[in-house]
There are 2 protein chains.
Amino acid sequence: MKKTILTFSGIIFGVLALFQLSHYQITYSHLYSEVVVAIVAVVFLLMGLFIAKKKRQTANEVPSTIDHHKIENLGISKREYEILQKISEGLSNKEIGARLFVSEHTVKTHVSNLFQKLEVKRRTQAVQKAKELNIIA
Amino acid sequence: MKKTILTFSGIIFGVLALFQLSHYQITYSHLYSEVVVAIVAVVFLLMGLFIAKKKRQTANEVPSTIDHHKIENLGISKREYEILQKISEGLSNKEIGARLFVSEHTVKTHVSNLFQKLEVKRRTQAVQKAKELNIIA
DNA sequence: CCATTTTTGGTACTTTCGTATGAGGGGTAA
DNA sequence: TTACCCCTCATACGAAAGTACCAAAAATGG
């Protein structure tokens, strides 16, 4: 919050300075009028982008930031997480095994452990829950 | 695509006109220099907001508007679509049958037909593809 | 080095999924 | 009325998925 106030104070100050500058430049010398306009344009373009970004971050919600903390919380290991991702891509156990260079048996073991940690019974449920928990995209 | 090109052409044209205007105003009359700067500022601020919005819509994703047209296009029937939704909720065929008051056999038939239309082999793939196609939330 | 966790792999079994095929009833448009 | 699609249900089979239980390398943390 403090950061936001400081940022916006800085922006307002900068904008006022810019206006003063443009006023001075345009009134007392005609040399760089296009430059002033260009600077104003760029600054306000960036401000528009910045404000839009801020608004999206605060108002809407963070669109799919993976919650690594929650993954740890659930005790999901690296390998299990990899497999979770493959499951969400719609791969079969056999295909996952082939991609990760392990046997289908191994994949099944991981999947079974994963389901216990996610408290689900099926891979479709696992995908749904994982997305709910923001642990996969 | 055509729309995007037209829009951006319009924007570029507008910007060029604005620059010409500012040049004329500032060079040949000193009356409205602040006004010109202000206009430029506002226009570019709006442009920044617009571009940010566009970027979010294209890059990130449209915030989940279901494409009913595409559902028809694929020839997916009402019942099949209902079942697709249940699948995405992680339900088994038996559970889907219970919820829709039909036998598991019927569900299987629908599921099989659905997979052909979606060109997938597994329910996890179906969910993934359906979300890609924006036909489910 | 020891304890623990992770990763790997297996057997055996049950359940669920998916396909093929057929079949009957209902609605709709040509 | 016929042709066509949708929904329903069924049998049968093969293919995945999932569970239980076990075991042994390999990595990790003290």
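Fair warning: this is a prediction, and the values are worked out from it, not measured in the lab. Both backbone and side-chain heavy atoms feed into the values below; hydrogens, waters and symmetry mates do not. Proteins get letters first, then strands, A, B, ... in listed order; numbering begins at 1 in each.
At a threshold of 4.0 angstrom between heavy atoms, the contacts of A:Ser77 are confined to the sugar-phosphate backbone, with no base atom among them.
Following rounding to the nearest Å, A:Lys108 (NZ) and D:dA15 (P) show an atom-to-atom distance of 13 Å. Rounded to whole angstrom, the span from the CZ atom of B:Arg123 across to the C1' atom of C:dC17 amounts to 7 Å. As rounded to whole Å, 10 Å separates atom C1' of C:dG9 from atom NE2 of A:His110. Atom CD1 of A:Ile87 and atom C1' of D:dA16 are 13 Å apart (whole Å). Going from atom CD of A:Glu80 over to atom C1' of C:dT7 covers 10 Å, rounded to whole Å. Per the geometry, CD belonging to A:Gln125 stands 15 Å off C1' belonging to C:dC17, to the nearest Å. Note: CZ (B:Arg79) to P (D:dT8) measures 4 Å, nearest angstrom. Between the CG atom of B:Asn93 and the C1' atom of D:dA17 there is a distance of 13 Å, given to the nearest Å.
Side-chain atoms of B:Ser103 lie closest to D:dC9 of the nucleotides D:dG18, C:dT19, D:dC9. Of the candidate nucleotides D:dA16, D:dC9, C:dG18, D:dC9 has the atom nearest to the side chain of B:Thr106. Here the side chain of B:Ser92 is nearest to one of C:dG18, C:dT8, C:dC17, namely C:dC17. For B:Ser112, whose side chain is taken as the heavy atoms from C-beta onward, the closest listed nucleotide among C:dG18, D:dC7, C:dT8 is C:dG18. Counting only heavy atoms from C-beta on, B:Lys78 has its side chain closest to D:dC7 among D:dG18, D:dC7, C:dT8.
With respect to B:Lys108, the side-chain contact (heavy atoms from CB on, under 4.5 Å) criterion is satisfied by exactly one of B:Asn93, B:Ile83, B:Ile96, B:Asn113: B:Asn93. For the side-chain contact (heavy atoms from CB on, under 4.5 Å) with A:Lys86, the lone residue among A:Val107, A:Leu91, A:Val111 that qualifies is A:Leu91.
Put simply, the side chain of A:Ser88 gets close to the backbone of A:Gln85: a donor and an acceptor are under 3.5 Å apart.
For A:Thr106 and A:Ser103, the side-chain atoms include at least one donor-acceptor pair closer than 3.5 Å.
Nearer the 5' end of DNA chain D, as judged by each residue's closest nucleotide, is the contact made by B:Gly75, out of B:Gly75 and B:Thr109. The residue among B:Thr124 and B:Ile83 whose nearest nucleotide of DNA chain D is located toward the 5' end is B:Ile83. A residue-by-residue look at A:Asn113 and A:His105 shows that A:Asn113 has its nearest nucleotide of DNA chain C further toward the 5' end.
Between A:Glu82 and A:Arg79 a salt bridge is recorded (basic side-chain N to carboxylate O distance below 4.0 Å).
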